[in-house]
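See structure below.
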Amino acid sequence: MSMNVEQVLSQFQTTAVETCFHDRHMGPQILAGLNGKNWSLQDYVARGGYQALRKILGQDGSAPNPETGVAGMTQDQVIATVKESGLRGRGGAGFPTGLKWSFMPRQFPGQKYLVCNSDEGEPGTCKDREILQHNPHIVIEGMAIAAYAMGISVGYNYIHGEIFQTYERFEAALEEARAAGFLGDNIMGSKFSFQLHAAHGFGAYICGEETALLESLEGKKGQPRFKPPFPASFGLYGKPTTINNTETFAAVPWIINNGGQAYLECGKPNNGGTKIFSVSGDVERPGNYEIPMGTPFSKLLELAGGVRKGRKLKAVIPGGSSSPVLPADVIMECTMDYDSIAKAGSMLGSGAVIVMDDSRCMVKSLQRLSYFYMHESCGQCTPCREGTGWLWRMVDRIERGEGRESDLALLDNVAENIMGRTICALGDAAAMPVRGMIKHFRHEFEHHITHKTCMVPAYV
Amino acid sequence: MSSVNTHHSAPLSAQALERFAREVAKYPDDQKQSAVMACLSIAQQEQGYVSAESERVIAEFLGMAPMAVHEVTTFYNMYNQHPVGKFKINVCTNLPCQLRNGQGALMHLVKTLGIEVGETTADGVFTVQPGECMGACADAPVMLVNDRTMCSYMSNDKIDQMVAGLRSVKE
């Protein structure tokens with residue numbers, strides 16, 4: 001046998017059957033009808049794709065708008081529809097998308113930019129990769145609609161460097177969209193022109209922070225900028241820029257086709273639509289699950305096959321590694337939406353649900369996360385650069401049975417001195433898991449310090 | 001001596017420069033620097049790492065100071081600042097992967113190859129490095145081969161199969 005490298009490695013490529021093409025989504029809008037082979041433009045159009053773009057441009061054969069006298073939707077109508085939908089940013093912050101779009105100066109005389117943040121590196125999050133890989137045109141269409149609404153003619157999609165195959169897939173989809181006239185000059189014969197390109201990162205968690213991403217896109221180190229000024233006034237190349245997450249753009253075509261109210265009704269008030277949750281860790285079926293906002297956590301856990309090997313649920317990190325951990329009894333009472341998770345003392349974040357069973361040591365889990373934040377701190381702000389090192393060294397020595405009585409108070413003190421004292425949110429993201437773990441599992445840390453050994457020795 | 005250490009002075013190919021030009025075309029005329037990330041990865045794909053000579057060529061191509069290019073090389077984790085093995089394998093060990101044996105997969109891989117984490121095998125075929133989140137948490141354990149190919153559900157059996165398969169690849 002003499003296989004080439006590609007053939008050897010192809011044996012280990014995921015088919016995404018387990019994580020994406022299963023029948024355990026609930027009312028999916030973004031992941032509906034995908035099978036891994038139907039990513040191309042022809043398939044997307046057969047699923048009703050690019051109808052929303054046709055609709056706003058008045059190219060869908062509908063009668064002229066009685067208010068404006070022309071077919072299609074005005075910029076204000078598109079933004080009003082997105083506001084009405086209750087769509088909130090899917091990258092982690094949960095900021096209302098329609099409101100963000102309305103911040104863009106509409107009459108700005110110079111170039112403006114639209115940027116898609118596909119730098120998906122928040123531990124636990126693996127949804128944008130599957131959207132871009134298996135349904136790239138939904139992101140292209142969503143971006144084209146956003147560009148129209150804000151009067152933007154150039155956009156970039158910045159894709160996580162580690163998913164290079166997905167970057168190549170997106171580039172292929174861009175070529176298809178250009179050839180079919182859905183991107184480029186005078187789209188579908190209208191006055192609207194939009195050029196869209198793909199860029200990639202190369203291994204820097206910080207570039208998921210929107211201003212670090214802009215720096216990276218400008219060809220520099222990915223170090224976040226002071227805000228204000230916000231990107232809507234000073235963004236890419238110093239020009240007004242709107243940045244949204246991949247899943248946010250992917251939600252837009254459905255909203256335009258079905259109306260803002262219909263989207264809102266898919267979820268619950270203030271938490272419109274469906275959301276893709278990436279479930280990882282100790283479950284039988286790790287994967288992505290697109291479900292209505294406000295679905296009980298217990299239902300999501302059930303979709304993911306329950307806790308692995310029939311073990312007992314211990315804790316869940318509900319929104320990516322930066323969100324504070326919640327113990328089993330708390331998360332089991334939550335519904336999966338921004339407001340419920342916030343009320344419980346954590347964040348919905350990017351929708352990355354990291355599940356831990358009763359064999360897991362919380363000290364060891366935090367040790368790994370603290371290492372990550374130390375490694376990925378960009379080094380710009382002293383509290384984060386030095387503080388993340390302090391956090392890791394202390395958690396590490398507690399895990400190794402070398403912790404001191406004073407360490408828990410010191411950990412809290414260091415976390416307190418990072419939070420709110422850095423340019424970007426990475427400092428907070430490093431501090432919050434520490435505080436969450438100690439708040440809910442203090443006895444495990446104390447046991448490590450007092451007995452020099454773990455309460456949960458079965459960590460597998 | 002392994003072959004990876006012998007080609008550091010080879011110039012970038014004409015094909016690489018054509019790919020640079022395609023990347024530059026994505027950006028405004030006065031913002032060529034935006035293509036630096038892509039150009040460095042193209043150079044690395046061709047030569048296995050980013051040499052000082054490649055940085056100089058890219059700096060000239062994009063109208064940047066060589067030090068500004070070097071800053072980018074050193075800031076981002078995936079650029080190899082030195083030659084690596086023919087196959088660089090990054091194993092994610094972040095928490096979601098760790099919960100599904102990511103650390104165990106890393107240990108099995110280095111034990112199989114008879115090296116420590118971060119090292120290159122004596123024959124110059126494999127380099128193994130720990131990695132941070134690759135955004136494929138539901139596929140854990142995951143490994144990234146030569147920056148471009150993600151391998152999923154890497155059980156010990158699959159790791160053995162991958163190592164044997166890559167060893168048997170013909171030039």
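We name chains A, B, ... by the order of the sequence lines, and we start the count at 1 in each one.
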Greatest number of non-hydrogen atom pairs under 4.5 angstrom with chain A, of B:Val142, B:Asn146, B:Leu144, B:Asp139, falls to B:Asp139
With rounding to the nearest 0.5 Å, note down the distance linking CD1 in A:Ile163 to CE in B:Met134. 12.0 Å
Distance from A:Glu122 atom CD to B:Cys133 atom SG, nearest 0.5 Å? 8.0 Å
Please test A:Phe202 against B:Asp147 for side-chain contact (heavy atoms from CB on, under 4.5 Å), starting from the C-alpha separation and ending with a verdict. CA-CA 9 Å; A:Phe202 224 57; B:Asp147 311 319; 4.0 Å; yes
So, taking the atom named CG in B:Asn94 and the one named CD1 in A:Ile354, what distance separates them when rounded to the nearest 0.5 Å? 7.5 Å
Can you tell which part of B:Phe87 gets under 4.5 Å to a heavy atom of chain A, answering side chain, backbone, both or neither? side chain
Stepwise side-chain contact (heavy atoms from CB on, under 4.5 Å) check, A:Tyr158 with B:Met37: CA-CA 11 Å; A:Tyr158 185 100; B:Met37 299 278 290; 3.8 Å; yes
Which bit of B:Met64 is near chain A, if near means a heavy-atom gap under 4.5 Å: side chain, backbone, both or neither? side chain
Aromatic ring proximity B:Tyr27/A:Tyr156, centre distance under 6.0 Å: yes
Taking all atoms of both residues into account, what is the closest heavy-atom pair of B:Lys26 and A:Ala198, and its distance? NZ-O, 2.7 Å
Which distance, rounded to the nearest 0.5 Å, do you find between the CD of B:Gln98 and the CD of A:Gln367? 7.5 Å
Tell me if the CD atom of A:Gln165 is crowded by more than 12 foreign heavy atoms within 6.0 Å. yes
Can you tell which part of A:Thr14 gets under 4.5 Å to a heavy atom of chain B, answering side chain, backbone, both or neither? both
Pick one of side chain, backbone, both or neither for A:Cys378, based on which atoms fall under 4.5 Å of a heavy atom in chain B. both
Please look at A:Glu130 and chain B and tell me whether the side chain, the backbone, both or neither of the residue comes under 4.5 angstrom of a heavy atom of that chain. neither
What do the steps show when you test A:Gln11 against B:Lys158 for side-chain contact (heavy atoms from CB on, under 4.5 Å), and what is the final call? CA-CA 9 Å; A:Gln11 305 169 87; B:Lys158 284 191 178 179; over 6 Å; no
Counting only heavy atoms closer than 4.5 Å, note whether B:Tyr153 contacts chain A via side chain, backbone, both or neither. side chain
Closest non-hydrogen contact found for B:Pro96 with A:Gly124 is CG-N, 3.5 Å
In the structure I gave you, are the side-chain heavy atoms of A:Lys220 and B:Glu71 within less than 4.5 Å of one another anywhere? no
Contact class of A:Leu366 relative to chain B, heavy atoms under 4.5 angstrom: neither
For the interface with chain B, which of A:Tyr371, A:Phe372, A:Phe12, A:Phe164 has the highest count of heavy-atom pairs at distances below 4.5 Å? A:Phe12
Segment of A:Leu217 engaging chain B (4.5 angstrom heavy-atom cut-off): both
Which portion of B:Leu166 sits near chain A, non-hydrogen atoms under 4.5 angstrom: both
Applying side-chain contact (heavy atoms from CB on, under 4.5 Å), run through B:Glu132 and A:Glu162 and close with a yes or a no. CA-CA 10 Å; B:Glu132 290 300 347; A:Glu162 284 85 343; over 6 Å; no
Could you tell me which portion of B:Thr74 (side chain, backbone, both or neither) has an atom closer than 4.5 angstrom to a non-hydrogen atom of chain A? neither
So, for B:Ser152 and A:Arg129, which heavy atoms are closest and what is the spacing to 0.1 Å? OG-NH2, 4.4 Å
Rounded distance (nearest 0.5 Å) linking atom CZ of A:Arg360 with atom CG of B:Leu99: 4.5 Å
Check each atom of A:Ala16 against the heavy atoms of chain B and say whether the ones under 4.5 Å are side chain, backbone, both or neither. neither
Does atom NZ (B:Lys32) have a neighbourhood of more than 12 heavy atoms from anything else shown, all under 6.0 Å? no
Does atom CG (B:Asp29) have a neighbourhood of more than 12 heavy atoms from anything else shown, all under 6.0 Å? no
A:Ile317 and B:Leu95, any side-chain heavy atoms less than 4.5 Å apart: yes
If we define contacts as heavy-atom pairs under 4.5 Å, which of B:Met154, B:Gln31, B:Gln161 has the most with chain A? B:Gln31
Carboxylate-amine/guanidinium proximity below 4.0 Å for A:Glu171 and B:Arg22: no
Would you say the side chain of B:Asn77 lies within less than 4.5 Å of the side chain of A:His375, judging by non-hydrogen atoms? yes
When heavy-atom pairs shorter than 4.5 Å are enumerated against chain B, which of A:Lys127, A:Glu120, A:Gln13 gives the highest number? A:Gln13
Interface moiety of B:Ala140 toward chain A, non-hydrogen atoms closer than 4.5 Å: neither
Can you name the nearest heavy-atom pair linking B:Ala138 to A:Cys126, along with the distance? N-SG, 3.6 Å
Going by atom types alone, do A:Ser216 and B:Tyr76 pair a side-chain donor with an acceptor below 3.5 Å? yes
Interface moiety of A:His160 toward chain B, non-hydrogen atoms closer than 4.5 Å: side chain
Given that the side chain runs from C-beta out, which part of A:Tyr205 has a heavy atom under 4.5 Å from chain B: side chain, backbone, both or neither? neither
With a 4.5 angstrom heavy-atom cut-off, is it the side chain or the backbone of A:Val154 that approaches chain B, or both, or neither? neither
Where does B:Gln103 contact chain A at under 4.5 Å (heavy atoms): side chain, backbone, both or neither? neither
If I compare all heavy atoms of B:Thr93 with all of A:Arg368, which pair ends up nearest, and what's the gap? O-NE, 2.6 Å
Taking every heavy-atom pair that is under 4.5 Å apart, which of B:Gly131, B:Cys92, B:Ser41, B:Gly104 has the most such pairs with chain A? B:Ser41
Which pair of heavy atoms, one from A:Gly219 and one from B:Val72, lies closest together, and at what distance? O-CG2, 3.5 Å
